[in-house]
Amino acid sequence: MASLLEVRDLRVAYHSRDGAVSEALAGVSFGLGAGEILGILGESGSGKSTLAASLLRLFPANVSIATGTVLFEGRDLFQAGQDELRGIRGKRVSLIFQEPSVALHPTMRADQQIKQILTAHGMSGRNTLRERTREILGAVFPEEVERISRSYPHQLSGGQRQRVLIAQAIACGPSLIIADEPTAALDPTTQKEILEVFRTLRKKIGAAMIFITHNPALLAGFADRVLVLYAGRVIEVGPADVVLTSPMHPYTRALFQSAPPWPDEEAHAARAQKLAAIPGDSLPSSLPRIGCRFEPRCPDRMAVCKEREPVLFSLCKGSAASCFKYESQ
Amino acid sequence: MQPLIRVESLVKTYEKQGLAGRRDEVRAVDGVSFSVFPRTTLAIVGESGSGKSTLALCLACLENPTAGSIWFEGVDIVKLSEKGQRAMRRKIQLIFQDPATSLNPRWSVAEILAEPLLLPGNLSRDEATWRAHSRLDQVGLSSEIAEKAPAELSGGQRQRLAIARALTLEPKLLILDEALSALDCSFQAQIANLLQDLQSALGMTYVFISHDLAMAAHLGDDIAVMNCGRIIEQGRPAEILKNPKNDITRNMVSAVPRMEFPRQQAPEP
């Protein structure tokens with residue numbers, strides 16, 4: 001299958017004020033086909049937000065190393081010039097952030113926020129702009145388009161603001177949408193609405209999507225493939241129904257098991273039971289370490305885990321996990 | 001058995017500046033009543049804006065309710081003087097969502113823990129520091145971190161520290177306002193287990209405020225569902241989650257993304 005996005009050996013490191021270097025991404029590689037939805041699962045510090053931003057080469061000032069290849073529609077974005085990048089950002093690839101109240105301009109009405117993007121990417125003509133803006137907002141707001149397009153961000157609810165951000169993201173008909181925790185700041189009820197919007201859009205516009213989250217349950221029935229990040233490394237990747245139902249890496253397994261169970265008939269008797277917490281703490285990424293990053297917390301650790309770092313070993317059903325348990329297979 | 005805390009028709013209104021200088025009233029808490037018995041946990045769930053946090057502030061004597069009473073150990077804390085309320089705050093402690101913003105960034109862990117003990121002025125600094133160290137052990141932190149600053153700790157360690165600080169004055173009731181929400185899944189489980197351990201070891205009583213229904217059901221003996229400042233439904237967790245009576249509760253329950261994870265070891269490939 002012709003690949004839309006091909007990421008190879010992406011490495012990003014930050015330096016702090018005292019000169020210490022911490023590695024946020026340590027050699028991340030994956031591919032994405034046209035129209036495919038990739039769910040990226042990771043906790044804070046796993047490098048998931050760095051990954052979202054670095055695909056478009058949006059780095060904070062304190063980035064010290066950024067190497068790798070990001071091939072998008074055949075072009076290497078890590079070699080592209082600023083002008084070329086500007087034409088891609090927001091047009092071919094768009095990015096949706098977690099906090100809609102920060103991402104929107106506070107003194108612009110919703111329709112202006114959309115028009116701004118269309119104008120920046122070369123659309124002109126008052127009537128064309130107005131019609132296209134209405135059409136885009138109509139795609140995410142089935143009702144009340146008129147009122148919402150005249151509203152300022154502070155007049156909208158959290159869910160409505162997130163819809164405006166989604167409208168901005170789809171405005172130029174991108175072939176890839178990167179969404180970084182787009183529902184983390186929302187209530188469960190609103191979260192469900194926004195997920196529905198994403199599902200509908202998937203059918204309508206057919207763009208590929210990278211959906212970054214810390215909640216595996218959001219990916220069920222939505223993502224085609226799931227990639228699990230831990231300490232800046234891909235530790236498990238595979239078809240969503242395989243990774244979400246029979247995770248193989250000890251970290252993924254422990255993460256899924258640490259969630260509180262949904263109460264059922266017997267559950268109340270079992271309430272006193274403890275949750276299966278993952279012991280210990282994630283290591284600071286500035287700490288140099290030989291061997292597997294998860295080894296200190298791993299329930300299945302072996303001698304070899306301290307000596308060298310595992311690579312991704314292929315498993316059956318198209319998935320792969322970076323754990324020495326699967327080395328011999 | 002007597003409830004540790006009994007809330008009766010509690011109301012808290014705020015004034016907000018309306019259009020053209022008109023004063024509007026917002027009823028953040030609108031006639032809430034409940035009881036919590038010693039050594040149990042009441043979980044309060046609701047969407048943002050439902051009045052959960054205002055209720056938490058009223059219970060912790062940090063906001064004066066507009067009407068109603070809060071009976072704690074036979075005293076109506078709403079009617080207490082400022083001095084009486086200050087004494088009451090030792091017994092009722094509040095833990096906030098984000099430990100990164102509720103801990104003084106310029107103080108060391110030991111200083112943060114010693115401060116509540118120094119306030120009444122009857123302990124020497126040395127004794128306070130010694131007691132602070134013993135608290136660290138209780139919440140599963142090593143005493144090696146005593147000289148570190150909050151920024152050097154992980155999110156899970158910071159929330160443990162916030163709990164340790166709340167425990168220094170040996171309170172009877174802990175109010176946890178979204179205390180797990182800012183933590184990663186793997187630390188949420190650790191802190192939830194710690195809360196249960198402390199409950200059985202010290203006989204703590206909790207009011208656990210959250211929008212996470214599954215965690216509320218796990219920790220709560222009872223769940224109360226709040227909407228627009230009122231409790232619209234209350235009962236056993238399994239009952240509320242399986243047969244919600246109220247439409248709003250039903251909506252909330254059905255909105256929770258759920259999937260059955262394998263609880264046992266997954267089969268080898």
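Order of the sequence lines fixes the chain letters, A, B, ..., with proteins taken first and strands second; residue numbering starts at 1 for each chain.
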Asker: Any side-chain donor paired with an acceptor under 3.5 Å for B:Gln138 and B:Arg135?
Answerer: yes
Asker: Do the side chains of B:Glu47 and B:Lys52 get close enough for a salt bridge, i.e. N-O under 4.0 angstrom?
Answerer: no
Asker: Pick one of side chain, backbone, both or neither for B:Ser200, based on which atoms fall under 4.5 Å of a heavy atom in chain A.
Answerer: neither
Asker: Is A:Ile278 close to chain B through its backbone or its side chain, or both, or neither, when contacts mean heavy atoms under 4.5 Å?
Answerer: both
Asker: Return the CD1 to CG distance between A:Ile212 and A:Leu229, rounded to the nearest 0.5 Å.
Answerer: 8.0 Å
Asker: Does one side chain, of B:His211 or B:Glu178, offer a donor that lies under 3.5 Å from an acceptor on the other?
Answerer: yes
Asker: So what's closer than 4.5 Å to chain A heavy atoms on B:Ala192: side chain, backbone, both or neither?
Answerer: side chain
Asker: Who among A:His214, A:Lys317, A:Lys192, A:Glu193 has the most heavy-atom pairs with chain B under 4.5 Å?
Answerer: A:Lys192
